[in-house]
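A quick write-up on the structure given underneath.
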Amino acid sequence: MDAVRVADRDRYLAALYAPEDKRPALLALYAFNAEIAAIRDRVSEPMPGEIRLQWWRDIIASGTKQLGAGHPLATALMTAIETYRLPAAAFDNYLEARIFDLYDDPMPSCTDLEGYCGETASAMIQLAALILDAPEAPRYAELSGHAGCAQAISGLLRLLPKHRARGQCYVPKDILAAAGLTPEEFVAGGHDPRAAVAVQAMIALAREHLRAFERGAKALPATLRPAFLPLSLTPAYLDRVERGKDGMSTLRKHFTILATASRGWR
């Protein structure tokens with residue numbers, strides 16, 4: 001709980017609205033996500049990062065807690081996987097997608113970006129949904145896909161200064177080409193108006209997925225709602241990126257998530 005509260009406040013707040021008996025598994029899942037997302041910051045070269053990702057793949061593929069014995073998060077995650085019969089393939093695909101984070105290669109296309117978001121953020125939502133209500137979760141896999149894309153693209157835009165500082169480019173090359181930019185020019189930053197055009201295209205893509213989610217969200221069962229609650233903050237995040245502002249007060253996050261947890265998406 002402490003790890004998620006520090007590393008991923010949005011998912012931490014959302015987990016508080018899940019049934020008490022489901023929270024340990026959700027928090028283990030979210031702590032795992034935070035742990036993997038932080039690997040790039042903890043290694044100086046890609047190879048140690050790949051080794052770390054492979055360690056997790058081996059742990060999960062083993063199907064037992066023995067390989068991860070002594071590692072509290074690995075034990076908690078394997079307990080969640082075993083208890084809720086979470087598919088190992090989803091974790092394997094997630095870890096494969098996260099290899100991209102370790103390198104400075106530009107995102108090839110919008111399709112590749114959506115695939116990356118699908119295997120990471122969307123997978124987290126779908127896995128959380130399986131924990132919350134396994135019989136209902138598969139019916140909302142497509143909704144999870146749109147929700148994850150909107151959430152992840154919003155997050156990538158908010159982390160743009162950090163990514164530029166270390167030479168990463170998550171903005172797809174086809175979006176950059178349409179704006180008349182190379183990945184190198186975009187990463188360099190500055191006040192190039194073409195970069196603003198590319199960012200606006202990313203915002204538009206996120207909002208497109210957000211609208212697709214909202215069209216189906218009214219039918220979302222209350223049992224699955226906590227898995228999607230972090231998405232309630234995405235519209236405000238996108239508005240702030242568009243206005244060149246950053247951050248959101250914890251109080252506003254609380255109120256926004258509370259309102260959505262109470263009434264859902266209308």
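Since this is a predicted model, take the numbers as computed values, not measurements. In what follows, residues are counted from 1 in the order of the sequence shown.
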Legend entry - Validation row: V187, D104 side chains within 4.5 angstrom (heavy atoms): no

Inset, instruction - Determine, stepwise, if the pair L102 / L53 fulfils side-chain contact (heavy atoms from CB on, under 4.5 Å). - result: CA-CA 10 Å; L102 304 176; L53 291 176; 3.8 Å; yes

Inset, instruction - Over all heavy atoms of both residues, which pair between L231 and P235 is shortest? Give the atoms and the distance, please. - result: O-CD, 3.5 Å

Legend entry - Lys/Arg-Asp/Glu bridge criterion (N-O < 4.0 Å) met for D112, K173: no

Inset, instruction - Sequence neighbours left out, what pairs pass ring pair (Phe, Tyr, Trp, His ring centres under 6.0 Å) with at least one residue falling in residues 199-220? - result: H146-H209, F213-F228, F213-W265

Inset, instruction - Test L229 against R225 for side-chain contact (heavy atoms from CB on, under 4.5 Å), laying out the working first. - result: CA-CA 6 Å; L229 281 179; R225 200 175 292 164; 4.2 Å; yes

Inset, instruction - Sorted by first residue and then second, give each side chain to side chain donor-acceptor pair (under 3.5 Å) pair with at least one member in residues 25-39; sequence neighbours left out. - result: N33-Y94, N33-R98, E35-R42

Legend entry - Heavy-atom side-chain proximity of Q168 to K162 below 4.5 angstrom: no

Inset, instruction - Any chance you could pull the hydrophobic cluster mates of L159, using side-chain heavy atoms under 4.5 angstrom and chaining through other members? - result: none

Inset, instruction - Determine, using the 4.5 Å side-chain heavy-atom cutoff (strictly less than), whether L16 and L224 are members of one ILVMFWY cluster. - result: yes

Legend entry - Heavy-atom side-chain proximity of L160 to F186 below 4.5 angstrom: yes

Inset, instruction - Please tell me if the side chains of L26 and L132 come closer than 4.5 Å, counting only heavy atoms from C-beta onward. - result: yes

Legend entry - Under the side-chain hydrogen bond (donor to acceptor under 3.5 Å, both in side chains) test, residues paired with D8 that sit two or more places apart: R11

Legend entry - Any side-chain heavy-atom pair of L157 and L238 under 4.5 Å: yes

Legend entry - Residues that D192 engages under side-chain hydrogen bond (donor to acceptor under 3.5 Å, both in side chains), provided they are two or more places apart: R194

Inset, instruction - Mind checking side-chain hydrogen bond (donor to acceptor under 3.5 Å, both in side chains) for K253 and listing every partner two or more places apart, or none if nothing turns up? - result: D10, Y237

Legend entry - Within residues 211-220 or reaching into it, pairs that qualify as salt bridge (Lys or Arg N to Asp or Glu O under 4.0 Å) - sequence neighbours excluded: none

Legend entry - Exam field: side chain S154 to backbone A150, donor-acceptor pair closer than 3.5 Å: no

Inset, instruction - Taking the six-membered ring of Y103 (Phe, Tyr or Trp), confirm whether the NZ or CZ of R40 is under 6.0 Å from its centre and within 45° of its axis. - result: no

Inset, instruction - Can you run down the salt bridge (Lys or Arg N to Asp or Glu O under 4.0 Å) pairs that involve residues 196-210, sequence neighbours left out, and say none if there aren't any? - result: R207-D239, R207-E242

Inset, instruction - For T250, enumerate each residue passing the side chain to side chain contact (heavy atoms under 4.5 Å, CB included) test, keeping only those at least two apart in sequence or located in another chain. - result: R9, H254

Legend entry - Spatial distance of atom CZ (R240) from atom CZ (R158) [nearest 0.5 Å]: 9.5 Å

Inset, instruction - List for me each residue that meets side-chain hydrogen bond (donor to acceptor under 3.5 Å, both in side chains) alongside E119, sequence neighbours excluded, and say none if there are none. - result: none

Legend entry - Under the side chain to side chain contact (heavy atoms under 4.5 Å, CB included) test, residues paired with V43 that sit two or more places apart: I39, P48

Inset, instruction - May I ask you to list the residues sharing a hydrophobic cluster with M47, side-chain cutoff 4.5 Å, ordered by chain and number? - result: I51

Legend entry - V171 side chain reached by P183 side chain, heavy atoms, under 4.5 Å: no

Legend entry - 4.5 Å side-chain heavy-atom contact, M202 and P172: yes

Legend entry - Charged N-O contact under 4.0 Å between E136 and R139: yes

Legend entry - Heavy-atom check, side chain of Y170 versus side chain of F100, under 4.5 Å: yes

